[in-house]
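Order of the sequence lines sets the chain letters (A, B, ...), proteins ahead of strands, with each chain counted from 1.
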Amino acid sequence: MLQVPFIRENKELVIERLAKRNMDASQMIANVIELDEDRRSIQTQLDNTLAESNTISKEIGMLFKKGEVDQANALKAKTTDLKEASKSLSEQLTTKTDALNELLYKIPNIPHESVPSGNSEEENEEVFREGDIPELNQDALPHWELTKKYDIIDFELGSKITGAGFPVYKGKGARLQRALIQYFLDRNSEVGYEEIIPPFLINTDSGFGTGQLPDKEGQMYEIANNVSNETLYLIPTSEVPVTNIYRDAMLSDTQLPIKHTAYSPCFRREAGSYGKDVRGLNRLHQFEKVEIVRVEKPEDSYQALDEMVNHVKSILKELKLPYRILRLCGGDLGFTSALTYDFEVFSTAQDRWLEISSVSNFETFQANRLKLRFKNSEGKKELAHTLNGSALALPRVLAGILENYQTEKGIKVPEVLIPYTGFSIID
RNA sequence: GGAGAAAUGGCAGAGUGGUCGAAUGCGGCAGUCUUGAAAACUGUUGAGGGUCACACCUCCGGGGGUUCGAAUCCCUCUUUCUCCGCCA
């Protein structure tokens, strides 16, 4: 959520930057400013009314102490009108505040100046590419054929147990999956990310904190909570519970930066997709991911973003997978993000790029909702910046490994993973 | 699942209807002393809204109520603790 004072003072900049997302925000921004002015004016009226009735109440107290009951009772009568006035004013205030918030929830984050304009993923900007695309045999298979051939992931079995998009990993497939999780966590820990195992269900406050709610309930599975009657959601990413650790937090500047890594299953409804996009491991309702999350001082956050990008690069380099990095254009940028780099691994047998990581700086957009602040070196309170990235999402990395490492004799295991798998080939 | 107790500022912990946004201690910050540090002493120190700045308003787990007036009384929800039961 954007900060109203910032919008007020930087109206033109906000409209101009939001235009990168192909939206004309001028009307929304004008409405925000107007609603905020109304809100403040009502607030002032209400404050004055309350001040008056507070004064009277104090007088009444004094009169009772002195034993002047008649005078006290006379004053009581005066408060009736004030009470009605303040009741009506506070109702108006609630209405305005709700309207303002509802509007603010609909305004996405302001893109960073380096974000290219553009409508769709076609206009994302490739900023880096590394790794050789292997020459595969004529009879090279896409991963959904390989998983069947070697019996390592069973999609039909998952459909039987749950439904489409809930695969069952078997034998060496399960082992390879676990090896990847362990390897990612180890690599992240090595460079200072503290490991977290968060809850896999979140409440609505947490959903609001990181921006999944309101409006994006559609991506999450809802769970009825019999205990408290509050709706819970299966996490779409561990970003949500991990970032929400710092909801309503006042940190000292010596606590920053905060660096966490977390493994979790992720659950996404992903309605409306079909065909090659959802084939095999390309898109699932349940998948595994290792995430990195950072809380930073504003002046450090873009350096932190670079560090995260370089860290993910180093992992992909070790895995010897061909990949590229895209800077997302305004039209493809997530609602809460100011700048996002997507990592894509080349799926040789499908002849297409698959997104395996997304690394973003949210600046203060999440922190403002979360009320995540810190005291800077001058003792002043400031909103922190939040960032996160996948390091990494499992299914498509697995797809990339299976397809790129296939040989006539079987699928080789990337060297760095062999200590974790305990085998070097799937055959 | 049953019975009881509790929830107050960064932390601990007073406060049961009226100068209480809240004593006190710890912690933090500033100063004195010191070559420097520690100790000691002195001062200062909750959050949000609002204002050029004051004033002023709101907040004592969340929501609702009683009252001229609520941290304090009532209702309700949540959470925590103790005891019993059950249990991976």
Those residues that, when tested against A:F374, pass ring pair (Phe, Tyr, Trp, His ring centres under 6.0 Å) (two or more places apart): none

Separation of the C1' atoms in B:U58 and B:G50, to the nearest angstrom: 11 Å

Identified pairing partner of B:A39, criterion: Watson-Crick or G-U wobble below 3.5 Å: none

Spacing of A:K78 atom NZ relative to B:U67 atom C1', expressed in whole Å: 19 Å

B:C83 pairs with, by Watson-Crick or G-U criteria that keep both distances under 3.5 Å: B:G2

Heavy-atom neighbours of A:K320 NZ exceed 12 at 6.0 Å: no

Interatomic distance at P, B:A22 relative to B:C59, whole Å: 14 Å

Nearest-Å distance for atom pair NZ/C1', residues A:K87 and B:C68: 17 Å

Between B:U72 and B:U19 - P atom distance, rounded Å: 13 Å

Opposite nucleotide pairing with B:A88, Watson-Crick or G-U, both atom distances under 3.5 Å: none

Integer angstrom distance from the P of B:A6 to that of B:C74: 12 Å

Residues A:L281, A:H143; criterion side chain to side chain contact (heavy atoms under 4.5 Å, CB included); working and verdict: CA-CA 8 Å; A:L281 293 166; A:H143 69 266; 3.5 Å; yes

Base partner of B:G21, which must satisfy Watson-Crick or wobble distances under 3.5 Å: none

Counterpart base for B:A14, defined by Watson-Crick or G-U wobble contacts under 3.5 Å: none

Interatomic distance where NZ belongs to A:K371 and P belongs to B:G49 [whole Å]: 10 Å

A:R175 (side chain) donor-acceptor with A:T421 (main chain) under 3.5 angstrom: yes

P gap between B:A5 and B:C75, integer Å: 13 Å

Interatomic distance, A:D38 CG vs B:G50 P [rounded to whole Å]: 14 Å

Base-pairing mate for B:A70 - Watson-Crick or G-U, with both contacts under 3.5 Å: none

P atoms of B:A70 and B:G62, separation to the nearest Å: 16 Å

Return the polar atom pairs (N/O with N/O) between nucleotides 54-58 of chain B and the protein under 3.5 Å, or none.
from  : atom 1 : to    : atom 2 : distance (Å)
B:C57 : OP1    : A:N54 : ND2    : 3.1
B:C57 : O2'    : A:D47 : OD1    : 2.9

Plane angle bin for A:F365 and A:F335 - parallel if under 30°, tilted between 30 and 60°, otherwise perpendicular: perpendicular

A:R39 side chain near B:G49 phosphate (N/O to OP1/OP2, under 4.0 Å): no

d(CG, A:L251; P, B:A47) in whole Å: 14 Å

Distance, P atom - from B:G18 to B:G69, rounded to whole angstrom: 14 Å

A:K83 vs B:G69: side-chain N/O to OP1/OP2 distance below 4.0 Å: yes

Pairwise P distance, B:A38 and B:A30 [rounded to whole Å]: 11 Å

Euclidean distance, atom CZ of residue A:R373 to atom C1' of B:G10 [Å, nearest integer]: 13 Å

Nearest-Å distance for atom pair CG/P, residues A:D36 and B:U51: 9 Å

Counter-base of B:A7, judged by Watson-Crick or G-U geometry with both distances under 3.5 Å: B:U78

Short side-chain N/O contact to B:U51 OP1/OP2 from A:R40, under 4.0 Å: yes

Base paired to B:A55 (Watson-Crick or G-U; both N/O distances under 3.5 angstrom): none

Distance (rounded to the nearest 0.5 Å) between A:R40 CZ and A:D36 CG: 5.0 Å

Parallel, tilted or perpendicular, as decided by the 30° and 60° cut-offs, for the rings of A:Y183 and A:Y420: perpendicular

Under-4.0 Å salt bridge between A:E296 and A:R294: yes

Whole-Å gap separating C1' (B:G49) and CD (A:Q45): 15 Å

Intermediate values then yes/no, side chain to side chain contact (heavy atoms under 4.5 Å, CB included), A:Y169 and A:I152: CA-CA 6 Å; A:Y169 301 79; A:I152 51 176; over 6 Å; no

